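Notes follow once the structure below has been shown.
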Amino acid sequence: MELKSKHILGIRDMSAEDIIHILNTTKEMKKIVLSDKKRVPYLQGKTVVTLFYENSTRTRLSFELAAKYMGANAANISASGSSVAKGETLIDTGRTIDVMGTDIIVIRHSMSGAPHLLSKNISASVINAGDGMNEHPTQALLDMFTIYEKRGSLEGMRIAIVGDIYHSRVARSNIWGMTKLGAEVCIAGPRTLMPKEIEKTGAKVFDSIQEAIIDADVVMSLRIQLERQKSGLFPSPREYSKFFGLDEKRVKLAKPDVLIMHPGPVNKGLEISSAVAEGDKSVIDEQVTNGVAVRMALLYLLTGGKEIADIN
Amino acid sequence: MRILIKNGIIVNAEQKMETTQDILIDNNKIIKINSTIDEQVELVIDAEGKYVLPGLVDAHCHLREPGYEYKEDIESGTRSAAAGGFTSIACMPNTKPVVDNQAIVKFIIDKARNEGYVNVYPIGAITKGLEGKELAEIGELKFAGAVAISDDGKPVQNASLMKKAMQYASMFDITVISHCEDMDLLDGGTMNEGYQATTMGLRGIPAIAEEVMVSRELLLAEYLNAGVHIAHISTERSVDLIRHAKKRGVKVTCETCPHYFTLTESACEGFNTFAKMNPPLRIQKDVDAILEGIKDGTIDIIATDHAPHHIDEKNVEFELAANGIVGFETAFALSYTYLVKTGVITIEQLVNKMSLKPSKILGLNKGVIQEGRVADITIVDINKKYTVDIEKFKSKSKNSPFGGFELYGTIEYTIVNGKLIVRDGIFM
C-alpha cells in the first residue's frame, strides 16, 4: 500500500486508512530503534534535509536519527546560520535544497502553511515538522502510535488535551487524527486560549480541567508559553497552574490506567507537576522513542517503501 | 473626433430607456441624443442589443504610483480601469511618498493627464505620512485637487484625532473616507476569525475589529453633524450599524466591494493568498447581509479596492502575503452577474452604485448620460458570458481569486472624454 500523498503536510487531509498504515509501519520501525544494530538499508542513496526556521530538540534530532538509522544521507539547515538570515525567501531556499538532489525536505516554520507553499514550488517530498499554529503531523502520529501500541486501538478512547489550544499545532493535528480514529477528544483551557469554533472539529470543549479529564483514557498536557501571559491571555503562571495544571489529585479523576502524555519540552510545576510527569502513568519518555520510529516510517513510506513484511 | 453610437439602450441611474437611442459625441461632449441620428462622423459604433451606461466611477483604488511602480503605475492602472469600464477613478494616498501634500497631488494629476487613459482623482491623506499623529494639510490638498481624504490601510486609531479630522475637513467640504479597523482587535490576524482560520492555524480577524470602528465613526459623525464615508464594509453588523445610523439621520455613506458579496473565507483554503485581503473575506451570513444592504440602499456604492501586488508578494507564506486583489477588470461583470442577473437590484440601481452615486460622494460632475455632458460612456454586453483569465488582465499584477469564474457582462467600449479607449472589448 502506498500513501495517497507525496507530502506529509497535515493530518487534516490524511485518511484514517493512511494513518493506520503509518502506525503499523511504525511498529516495525520501533523494533529497529530498540535493537542493538540500528542500521537498515531502507533509505540507502536517499537524501533527507531538515530545514528548521524554529528551534527544536526532539523533532529535529529524531528526523536525523531516523534518516541515519536507515542509511540515508542527512543534512540540516537552520535559519540562523544560512542565507535565510540574509533575507532569502522560503521558496528560494527550498529550491536551492531541492536542486542539490534532495528527496525529502523536512521543514519547521513559524508560519502556518509554509510547508504547503514549499511543496507547491519544489519537486522533493515535503514533511511538515510543525508550521505555525496549524499542524504538527509527525507529533500527532507519534502520540497516536503511543496510544495505539498500548491499547491496540483509539476507537472509543476518551482523550483529554489540556492547555493552550489556540496556539497549539500539536492539539490541532491530534484533534484531526484522533477523531478520525474514533476517539472522543475533550479539550480544556482558558477561554482566551481556545480557538474560535473549535467544537466544529468534533472535539468537546470544557472550561475546567476536571470535567475534561473525568474517566479519560489519556490525558495530554500542552506546554504553556510564558509570553502568552504578557499579551494578556492569562493573568499569571500561578493562576494558570491553579486552574489548569495537571497534578496528582486531578489525575485521580481519570481512569486508573490513564496514560499521561506531553509533547515536550515540559514546564514542570506549571502545566504539569513533576510527580505526574515522572510518575508511573507517564509515557512522556516513550513518546520520544516512538518519535524516531514514526519518522522512520514516514521517510520509508515517502521514498516508496513497501509493506515492511515484504522486504524482511 | 465625432462618434455616433447607434441603437443602444441607454441606462441612467434614474431610468432605463425603453427604446433604443443614438448618441452623438463631438469632441469631448455628448451633443445629441435621439431615437435616430444620421450624421457623417468619423466613427460609428453599433450598440445594437447592448447597454450604454454612464462611464463607471470607482471611489476606491490603488494605483501604486509614486513608489510602487513594480506593482502598478498610473499608465497600467488606468489601462486596467478602462478595460473594466471605468472612466473616472479615485486613488488612495498610501503611495511612497504618501499623498499628504499638494505636490504629490499635483504630480498624480499631471502624470494621469499625460499618461493616463481615464480621469484620475487623487485622495489625500488624513494624517501626515499616514502615521495617525498629525493632520495633513487638508485645505491645501483639497485646493490642489484631492477629492477626498483617507488613511486607507492605516486607519486613524486615535478617536480624538479622527474627531478633529472630520471637524476640520467638514469646513472644506471634503469627503472623509474611513477604513474601519481597530488595530488592537486585529491582533495579528490574517484572515477572518472563525472555523476556517481555526482549521488552518491562522490568527483570525474578528468582525468586531471592523465594527468597533464603524461605530466610532458613526458616533463621531453624529456628534459633529459632519459627513463620513465608510470604506469597504464586509460584515453583517457593519451593515446594521449603518442602516440604523442612516435612519437617525447621520450623514454617512458607505461602500462594499464585489469580493464581499461573491466570496467567503473558504476561498482561503489551501493557504490561497489571492484570497487574502483586508478586511478579510467573511462568512455566508455576512455575504447575505451585504446583499441585503445593497438591495435596501444601506450600501450606497460598489468600489473595487483595486489593489495590485507583484507575484513575489503573493507567492509567499500566507501571513507574509500582501493584502488585496486586482479589482477593476472583474468589478462590473461580478456585480452584474451576482446582483442584477440574480434580481437583487436592477441595472439602473447598479448604474447608480457604480457611477452616479460614487460621483456624488466625491463631488464629481459625472455619472449621467445627457446632452451637454462630458462623454464618459461605457458600453456593455450583458448577454455575453466569459471566463475570467487573470493572465489577460491589463493591470501589471494578476492577483485575483476570480480566475476561472464564468461571468456575464463584458466591457465592449469605454469612451473617456469623448475618446475611444476600448473598442470591441479590445484596448486601443
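Just so it is clear, the values below take in all heavy atoms, side chains as well, and ignore hydrogens, waters and symmetry mates. The structure presented is a predicted model; accordingly, all values stated were derived computationally and were not measured. Naming convention: chains lettered A, B, ... in sequence-line order (proteins, then strands); numbering from 1 in each chain.
Counting non-hydrogen atoms of other residues, nucleotides and ligands closer than 6.0 Å to CD of A:E199 gives a total above 12. Enclosure of atom CZ in B:R237 is not indicated, since only 12 or fewer non-hydrogen atoms of other residues, nucleotides or ligands lie within 6.0 angstrom. Atom CE of B:M183 has more than 12 heavy atoms from other residues, nucleotides or ligands within 6.0 Å. More than 12 heavy atoms of other residues, nucleotides or ligands sit less than 6.0 Å from atom NZ of A:K4.
B:L320 has its side chain out of reach of A:L90: every pair of non-hydrogen atoms, C-beta onward, lies at least 4.5 Å apart. Counting heavy atoms from C-beta on, the side chains of B:F271 and A:N134 come closer than 4.5 Å. Proximity of B:F318 to A:H116: side-chain heavy atoms (C-beta onward) are nowhere separated by under 4.5 Å.
Within the model, atoms NZ of A:K196 and CG of B:N192 stand 9.5 Å from one another, a figure rounded to the nearest 0.5 Å. We find the CG-CG distance between A:D92 and B:D312 to be 8.0 Å, quoted to the nearest 0.5 Å. B:M200 contributes atom CE, which lies 11.5 Å from atom CD of A:E135 (distance to the nearest 0.5 angstrom).
Residue A:N121 touches chain B through its side chain alone, counting heavy-atom pairs closer than 4.5 Å. If you measure heavy-atom distances from B:D187 to chain A, you find no contacts under 4.5 Å at all. Heavy atoms of A:T89 lying under 4.5 Å from chain B are absent altogether. Contact of A:I91 with chain B is made through the side chain alone, with heavy-atom distances under 4.5 Å. Residue contact with chain A, scored on non-hydrogen atoms closer than 4.5 Å, is absent for B:T273.
Although no hydrogens or angles enter the test, the distance criterion places a donor-acceptor pair under 3.5 Å between the side chain of A:R172 and the main chain of B:T198. Counting only distance, with no hydrogens or angles, the side chain of A:S112 and the backbone of B:G201 share a donor-acceptor pair below 3.5 Å.
A:R12 has a carboxylate O that lies under 4.0 Å from a charged side-chain N of B:E269, or vice versa, which qualifies the two as a salt bridge.
Residues B:Y195 and A:K200 approach most closely at CE1-CB, 3.3 Å, considering heavy atoms.
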